[in-house]
Amino acid sequence: MYLVIDNVLTGETLARAQALLADAPWADGRATAGYQSAAVKRNEQLPERHPLTQQLQEIVEGGLAGSLLFQSAALPRHIFPPLFNRYASGHDFGTHIDNAIRQTPDGAALRTDLSATLFLADPASYDGGELEVEDGSASHRFKLAAGSMLLYPATTLHRVTPVTSGARLASFFWVQSLVADAGRRAILFDIDLGIQSLRPRVGDQDPALVALTGAYHNLLRQWAQP
Ligand code: NI
């Protein structure tokens, strides 16, 4: 599933994140790359334990907690503490796959079911820097508004095309879902979207809506790995 979630950060919250990023202590992005991806990664990142990174993580985590669409689509069990990167002119990230398992800073292992990129710079302020995700013989390109996020399968090969002017700022992280199987997760998401759409039309107590909600939870009970 490739899901664009708009307005994860908006208004003052987005502006605060952008202000923090404006004079951030950027470091070499290869610090968090695996062996293969380090060879094709040319960008900058914020050090994971820097206090400014922690302030930014709280902002992004607040946006994720407030996004019903993210919660419904990802069914997050664990969210990797968001990281932040900057691609200036000449930077890119060649084709790679994200590591299947990541160590969180507190030492826990997280299985990466979903990858997420939250765009933080105005797309008119830089050229290039598209996130391109391979999907069989097709590929999808994304360059989203500041505050919008792409959620995509961590199983995919993907790259960031070269930035040729300006600077691309983003947050990126991974999600371990309660439901590891992408097909099952997609079915649950479809049912939940249907329930949300029906609710204002038929009311909370409509027997069919209650039954459908029950079926959703019973599927989740069967498929979730808490
Ligand atoms: Ni990646």
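Order of listing sets the numbers, starting from 1, for every ligand and every atom in it. If you read the sequence from its start, that first residue is 1, and numbering goes on from there.
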Where does the angle between the aromatic ring planes of Trp174 and Phe172 fall among parallel (under 30°), tilted (30 to 60°) and perpendicular (over 60°)? perpendicular
Around the Ni ion (ligand 1), how many protein N, O or S atoms are found at less than 2.8 Å? 3
Are the side chains of Leu169 and Phe119 in touch, meaning some heavy atoms are under 4.5 Å apart? no
Quick check on [X]: does its [atom1] atom have over 12 non-hydrogen neighbours (other residues, nucleotides or ligands) under 6.0 Å away?
X      : atom1 : answer
Leu68  : CG    : no
Arg30  : CZ    : no
Arg199 : CZ    : yes

Applying side chain to side chain contact (heavy atoms under 4.5 Å, CB included) to Ala211 and not counting sequence neighbours gives none
